[in-house]
Amino acid sequence: SQQGEEDPQALSIQEGENATMNCSYKTSINNLQWYRQNSGRGLVHLILIRSNEREKHSGRLRVTLDTSKKSSSLLITASRAADTASYFCATDARSGGSNYKLTFGKGTLLTVNP
Amino acid sequence: NAGVTQTPKFQVLKTGQSMTLQCAQDMNHEYMSWYRQDPGMGLRLIHYSVGAGITDQGEVPNGYNVSRSTTEDFPLRLLSAAPSQTSVYFCASTSGQGGDQPQHFGDGTRLSIL
């Protein structure tokens with residue numbers, strides 16, 4: 001079953017606008033990660049936020065985490081056509097002992113129109 | 001550094017055939033995993049390994065075998081290919097065993113089962 005679910009499934013904006021994607025998850029986590037996937041390529045790590053953090057920035061990316069609502073958001077400011085990609089959130093869930101499994105959502109397809 | 005290398009990039013099989021998808025990483029990561037990505041389903045974990053000689057099942061392990069004889073390599077074997085295994089397969093590696101480090105992905109193997 002999916003742990004994280006992104007919303008919306010698809011988002012289309014104009015260059016220069018901001019894009020916001022949301023992720024909701026079901027069980028308690030230690031960390032939440034966001035990844036980008038360009039068409040036909042593997043996933044690329046964007047940012048990791050720990051459960052004791054509320055906000056994190058990396059360049060034009062801003063991630064927030066609300067553990068009480070079990071949700072996270074990814075904001076891309078001043079979007080560019082090159083930001084066109086699918087974006088996934090991933091959460092860790094302990095699977096007994098010290099092993100963990102990273103569970104991905106279904107992703108948000110972002111299209112930035114020039 | 002090459003990162004995570006997957007071979008082949010494309011493969012067409014007939015139902016009932018077997019094959020091995022190769023994955024190699026040169027980052028000395030202990031943790032490696034295999035995912036499949038299907039349209040509308042996001043990434044689903046097939047098998048993972050926390051070190052040489054140690055493997056465990058993920059969310060969708062049926063029909064697949066793995067082994068980990070070295071730190072660098074983590075092959076995925078399809079025992080008797082079925083059309084339901086048509087998918088894009090991604091291998092990933094990360095340092096440590098917790099979800100507090102980014103995963104590094106290969107570019108995928110696109111597999112079609114006829």
Side-chain angles (χ1 to χ4, degrees), chain A residues 1-7 9-10 21 23-25 27-53 56 58 63 65 72 85-109, chain B residues 2-7 9-10 21 23-25 27 29-51 53-61 68 87-110:
Chain A
S1 62
Q2 303 290 141
Q3 161 72 318
E5 292 289 341
E6 293 88 348
D7 172 62
Q9 291 185 341
M21 288 158 271
C23 170
S24 59
Y25 56 92
T27 62
S28 295
I29 61 171
N30 294 313
N31 307 281
L32 185 144
Q33 303 183 33
W34 283 92
Y35 288 80
R36 184 188 75 234
Q37 183 181 34
N38 291 94
S39 180
R41 302 300 301 273
L43 279 72
V44 174
H45 180 261
L46 295 176
I47 200 163
L48 182 150
I49 187 164
R50 305 183 194 285
S51 60
N52 61 354
E53 297 176 312
K56 206 161 183 180
S58 177
V63 167
L65 179 64
S72 174
S86 291
Y87 292 82
F88 296 87
C89 68
T91 55
D92 64 344
R94 296 285 163 178
S95 65
S98 62
N99 294 342
Y100 87 102
K101 298 177 183 178
L102 197 62
T103 306
F104 287 81
K106 297 179 181 180
T108 292
L109 176 60
Chain B
V4 178
T5 303
Q6 291 185 238
T7 56
K9 294 189 184 304
F10 302 93
L21 280 62
C23 175
Q25 53 93 8
M27 296 171 282
H29 287 165
E30 291 293 329
Y31 191 99
M32 298 184 72
S33 52
W34 276 102
Y35 297 88
R36 60 178 289 175
Q37 185 176 33
D38 302 296
M41 295 294 294
L43 275 77
R44 292 183 291 170
L45 183 64
I46 305 171
H47 284 286
Y48 66 100
S49 169
V50 299
I54 307 169
T55 63
D56 203 352
Q57 295 182 351
E59 182 184 357
V60 287
R68 185 94 179 271
S87 188
V88 182
Y89 292 84
F90 289 98
C91 178
S93 74
T94 185
S95 58
Q97 297 184 16
D100 62 348
Q101 297 294 330
Q103 293 220 3
H104 300 260
F105 283 82
D107 277 338
T109 294
R110 283 144 188 84

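So you know, we letter chains A, B, ... as the sequences are listed, proteins then strands, and number each from 1. Side chains included, hydrogens not; waters and symmetry mates left out as well; all remaining heavy atoms used.
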Is the backbone N or O of L102(A) less than 3.5 Å from a side-chain atom of Y48(B), with the two atoms forming a donor-acceptor pair by type? no
D107(B) side chain vs G42(A) backbone, donor-acceptor pair below 3.5 Å: yes
Answer with side chain, backbone, both or neither: which region of L48(A) has an atom nearer than 4.5 Å to a non-hydrogen atom of chain B? side chain
Measure the CD-CG distance between Q37(A) and L43(B) for me, rounded to the nearest 0.5 Å. 6.5 Å
Atom CZ in F88(A), atom CD in Q37(B): separation rounded to 0.5 Å? 5.0 Å
Closest heavy-atom contact between R110(B) and G40(A)? NH2-O, 2.7 Å
What are the two closest heavy atoms between Q101(B) and Q33(A), and how far apart are they? O-NE2, 3.2 Å
In this structure, are over 12 heavy atoms from other groups packed under 6.0 Å from Q9(A) atom CD? no
Using heavy-atom distances under 4.5 Å, tell me whether Q6(B) contacts chain A through its side chain, its backbone, both, or neither. neither
Can you tell me how far CZ of F105(B) sits from CZ of R41(A), rounded to the nearest 0.5 angstrom? 13.5 Å
